[in-house]
**Q** 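One structure is given below, represented as structure tokens, and several questions about it will come after.
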Amino acid sequence: MSPKKHKCSVVGCNNEHSSFHLLPTSEPLKTQWMDFIYEGKAPLKIPKYVYVCANHFLTDCFENEGQFKAGLASKLILKSGSLPTVRDATSPSEEASTSTRSCRTRDIGVQTETSKLCSVGTQLSMRTLQTHHRSVCVQTETTLSSFDVSTKLVSHTAVASSTPLKTSSKRPCLDLEEDEDTLQECSSILTSQETDVTFNPAEADTSITEPKDLSAQESSPNQNICKYIVYETCIMELFDVCPVCHRSCHIRSQRIGTFLRVEQLCHHCQFSRKWNSQPILGSTPAGNLHLSAAVYLSGASFFTIEKIFAAMKLHLFKYDTFRRHARMCIEPAIVYKWRNWQDEMLQLLAQREKVIVGGDMRADSPGHSAKYGSYTMMDLETNTVVDVQLVQSNEVGGSYHMEKEGLKRGLDFLDAHGVTLDCIVTDRHPQIQKFLRERNVNQFYDVWHIEKGISKQLEKVCKLKGCEKIRKWLHSIKNHIYWTAASSSSGPERVAKWMSMLNHMQNKHTHEDSNFPACLHGTRRSRDTKKWLAAGTLPYLKLEKVLSNKRIVKDVAKLSPHYQTSSIEVFHSVILRFTPKNVVFPFLGMLCRLYLAALHYNENAGRTQATTAAGRPVFKVTFPKAKKGEYRVREVKTQATFRYVDDLLDLIFDKVFVDPAPYVDDVLRIPIPPALCAEYDRPEKEEAISSRVSRFNQ
């Protein structure tokens, strides 16, 4: 399908300009335009898109007429509030095109197929080409067979040249049409409605806005300036011709990671200049530091980014540079940011009389071979991560002891800041139970951990021959343990309600324990009479053995009646985004990524449920693998925010990079344990290679 060309809607317009302007949407400007277009007789049904070509405006209505005539702009930009007033006029550019013609021209274009393109803004400053610039715009008419209409080719004649220039063998560049939305970025891009067959005009932003003030962008922080991917050929085109004598120039480039420096020298008129693709902070390109910070703060992997850059042929610095940026700027900023936030949170907790916290450990790998264990302390009332302790296995003699050590460090840290605990909710780890009992800390157990352990045992019992009937009670038993924890006020009451389940499954609803003498449900007749169990039968004996286990009964008495540790499990899933278990991190790198995960969780923990445009709450239906075909309806939350990333970038560029010493000193005071291999003797490499034996050796 041939690209669509705009058409001037002014009545009687036959000499259309290449630059079109969309009908404004604001009043009274829209009505004034309509009166001019239709000569005061507007039709009842107006087209969806109404355009007016530039021939119907006075020359003082345009902001970039000089650039357009010089060929440096492909479309005229209207000033705000301009009105079409000219009925029959000749375009200034067309008058210039007929006044002079030259065969010794140099086409300024790109090697592209004959399709409508528009000029792409690069990172070259607009002031660079203003000095000593002289050129005359000449237009020639050419009809292309692949288009239904004639198109114009713009060329520049070298005025000051004493040597004839060869006509470029490149394919001609068509006159460009800018997308109005890109005018505010002082650049133009390929208009999607002319190249993309899936383009929907209703989704395009056709409003014309004022161009941005470049001086304001230059004064903004480096981390807040917009960046673009620019092709090398597009950059070198800007330096190929001398802006003074219009002859070929000598170009030399230098690359440092993502940074590019171009030096231009004309041997004819001795014109020279240097151009940098990004600001330089001291001796460090700002883009290199910004990219390292963005990769680290987003939880991405440098090696994954390296593969992406290699696939796109983008230049990137080495891993050593990334580690140097992390060691000197990024990690000190993360530690400073976390500790400042943590101090503010601890001051608020110290003012409360009683604080209920939850604690749980996450190992960096399953089983008993974990290298790191991170113990999280969370304020369950505000759903906020208060402290994260990282323990390495060789600090405590094995991964089995990491959870106790992490809890000990966390409690000592809270005590040192004057936080008074009411109780702590944890899992049923035996070492944790004994430690908290000796420390006289009131402990409750998370209901989900107990329910999961009981469900696993009952699943095994259901597979035994003659015990299939128990499967009918699995869902009720799971619900009963949650109801027991939520509806009880004391340990004996929880035990009484829990043991009443054995009588209930026999269709007996009165009990001997005075703490819970009878079931609370009303008298009703069951539809399935075969589900009841009889005392002394195999299913009942197997079920009684599981439910009345001494450890189970003891732990049921300490079920948490208020808060659970499910929020900590959610935080552990957030940690996976920053520290995947299949990636090995150094101790300090692991600690900083845990701090990043805590900052991200605390910022987004209070997100509300998303709503539609009509105000209805949004839900989604999922099928969890563990539920084996059962669906779950979950709330859809609002989009996550990343304000902490912006704060860290400001901290890195404005403070840490300027004076890293105090921030690095705080990091150096963190005790870092020796590597796991430090206790072993390291052999000489040559000796180890010579003694290498393989089963495939001849």
Side-chain angles (χ1 to χ4, degrees), residues 221-224 281 284 286 288-305 319-346 362 364 372 374-378 384-392 406 409-410 413 571-572 574-580 583-605 640-673:
N222 294 323
Q223 64 272 20
N224 295 335
L281 307 176
T284 302
N288 290 350
L289 178 60
H290 196 171
L291 180 58
S292 295
V295 171
Y296 201 115
L297 300 181
S298 62
S301 168
F302 175 84
F303 300 105
T304 301
I305 300 298
Y319 179 70
D320 292 342
T321 303
F322 172 77
R323 285 303 312 155
R324 184 171 65 254
H325 292 162
R327 182 174 61 254
M328 297 302 298
C329 299
I330 304 173
E331 291 174 344
I334 294 173
V335 173
Y336 178 84
K337 171 71 174 176
W338 166 254
R339 288 184 173 177
N340 274 8
W341 182 93
Q342 191 179 36
D343 290 341
E344 295 176 0
M345 184 62 190
L346 290 173
R362 171 193 176 271
D364 68 328
Y372 297 121
S374 57
Y375 199 89
T376 303
M377 302 288 285
M378 178 179 289
T384 305
V385 177
V386 177
D387 184 46
V388 179
Q389 295 290 337
L390 182 62
V391 183
Q392 191 168 289
R409 294 180 184 179
F413 181 79
F571 171 62
H572 287 172
V574 174
I575 293 179
L576 286 175
R577 304 179 187 178
F578 293 88
T579 60
V583 180
V584 179
F585 297 98
F587 185 89
L588 183 58
M590 187 76 173
L591 183 63
C592 290
R593 284 168 172 81
L594 291 174
Y595 290 165
L596 283 175
L599 291 171
H600 177 84
Y601 180 87
N602 291 339
E603 181 175 325
N604 295 278
T641 59
F642 302 90
R643 291 188 299 272
Y644 69 96
V645 175
D646 296 333
D647 295 340
L648 284 169
L649 287 175
D650 293 340
L651 179 62
I652 291 171
F653 280 88
D654 299 340
K655 295 182 179 181
V656 180
F657 183 83
V658 176
D659 184 16
Y663 302 92
V664 174
D665 290 342
D666 290 341
V667 175
L668 295 178
R669 283 193 286 268
I670 298 176
I672 298 179

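Residues: numbered from 1 along the sequence shown. Computed from heavy atoms alone, side chains included, the values below leave out hydrogens, waters and symmetry copies.
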**Q** Output side-chain donor-acceptor pairs under 3.5 Å for residues 641-652, partner residues at least two apart or in another chain, one line each.
**A**
from, atom 1, to, atom 2, distance (Å)
T641, OG1, E603, OE2, 2.7
T641, OG1, N604, OD1, 3.3
Y644, OH, H600, ND1, 3.2
D647, OD2, K337, NZ, 3.4
D650, OD1, Q223, NE2, 2.9

**Q** Can you tell if the side chain of M378 reaches within under 4.5 Å of the side chain of V386, non-hydrogen atoms only?
**A**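 No - every pair of side-chain heavy atoms lies 4.5 Å or more apart.
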**Q** Are any of the side-chain heavy atoms of V391 and Y372 separated by less than 4.5 Å?
**A**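 They are not in contact (no side-chain heavy atoms under 4.5 Å apart), so the answer is no.
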**Q** A side-chain contact here means heavy atoms from C-beta on lying under 4.5 Å apart; do L588 and C592 qualify?
**A**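 A side-chain contact exists here, since the closest heavy-atom pair is under 4.5 Å.
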**Q** Contact between R362 and T376 at the side-chain level, heavy atoms closer than 4.5 Å - yes or no?
**A**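 No - every pair of side-chain heavy atoms lies 4.5 Å or more apart.
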**Q** What is the distance from atom CZ of F571 to atom OH of Y601, rounded to the nearest 0.5 Å?
**A**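 Result: 8.5 Å between the selected atoms.
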**Q** My understanding is that only residues two or more places apart in sequence, or in another chain, count here; which of them pass ring pair (Phe, Tyr, Trp, His ring centres under 6.0 Å) with F657?
**A**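 Residues passing ring pair (Phe, Tyr, Trp, His ring centres under 6.0 Å) with F657: none at all.
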**Q** To the nearest 0.5 angstrom, please state how far the CD1 atom of I575 sits from the CG atom of D364.
**A**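 Output value for this atom pair is 11.0 Å.
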**Q** How far does CG of L599 sit from CG of L594, to the nearest 0.5 angstrom?
**A**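 One gets 11.0 Å once the value is rounded to the nearest 0.5 Å.
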**Q** Applying ring pair (Phe, Tyr, Trp, His ring centres under 6.0 Å), can you list everything that pairs with F653, at least two apart in sequence or on another chain?
**A**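 Only H290 meet the ring pair (Phe, Tyr, Trp, His ring centres under 6.0 Å) criterion with F653.
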**Q** I'd like to check R323 versus D320 (side-chain heavy atoms, cut-off strictly below 4.5 Å). Are they in contact?
**A**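 When only atoms from C-beta onward are counted, D320 and R323 do not touch, as no gap falls below 4.5 Å.
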**Q** Shortest non-hydrogen contact from S374 to V388?
**A**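 Distance-wise, the nearest heavy atoms are CB-CG1, 4.4 Å.
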**Q** Does the side chain of V295 come within less than 4.5 Å of S292's, by heavy atoms?
**A**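 They are not in side-chain contact.
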**Q** Could you walk me through whether T384 and M345 pass the side chain to side chain contact (heavy atoms under 4.5 Å, CB included) test, one step at a time?
**A** CA-CA 9 Å; T384 305; M345 184 62 190; 4.1 Å; yes
**Q** If we ignore angles and hydrogens, is there a donor and acceptor under 3.5 Å between the side chains of Q389 and D387?
**A**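 Yes - a donor-acceptor pair under 3.5 Å links their side chains.
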**Q** At what distance, to the nearest 0.5 angstrom, does CD1 of I305 lie from CZ of F322?
**A**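 So the gap between those two atoms works out to 9.5 Å.
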**Q** Name every donor-acceptor pair, under 3.5 Å, that has one atom in a side chain of residues 326-334 and the other anywhere in the protein, sequence neighbours excluded.
**A**
from, atom 1, to, atom 2, distance (Å)
E331, OE2, Y296, OH, 2.9

**Q** State, to 0.1 Å, how close V385 and A598 come at their nearest heavy-atom pair, and which atoms those are.
**A**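 For V385 and A598, the tightest heavy-atom pair comes out as CG1-CB, 4.0 Å.
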**Q** Just verifying a value: how many Å separate L591 CG and T579 OG1, rounded to the nearest 0.5 Å?
**A**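 If I round to the nearest 0.5 Å, the distance is 11.0 Å.
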**Q** Could you pull out all residues at least two apart from W338 that satisfy ring pair (Phe, Tyr, Trp, His ring centres under 6.0 Å)?
**A**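 Per chain and number, W338 pairs via ring pair (Phe, Tyr, Trp, His ring centres under 6.0 Å) with W341, Y595.
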**Q** Answer whether the closest heavy-atom distance between the side chains of R593 and L297 falls below 4.5 Å.
**A**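 A side-chain contact is absent here, since even the closest heavy-atom pair is not under 4.5 Å.
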**Q** The criterion is side chain to side chain contact (heavy atoms under 4.5 Å, CB included); which residues satisfy it with S298, sequence neighbours excluded?
**A**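 Checked S298 against side chain to side chain contact (heavy atoms under 4.5 Å, CB included); matches are A300.
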**Q** So, do Q392 and F587 sit near enough that their side-chain heavy atoms are less than 4.5 Å apart?
**A**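 Yes; the side chains approach each other to less than 4.5 Å.
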**Q** Hey, mind stepping through L346 and F413 against side chain to side chain contact (heavy atoms under 4.5 Å, CB included) and telling me if it holds?
**A** CA-CA 10 Å; L346 290 173; F413 181 79; 3.4 Å; yes
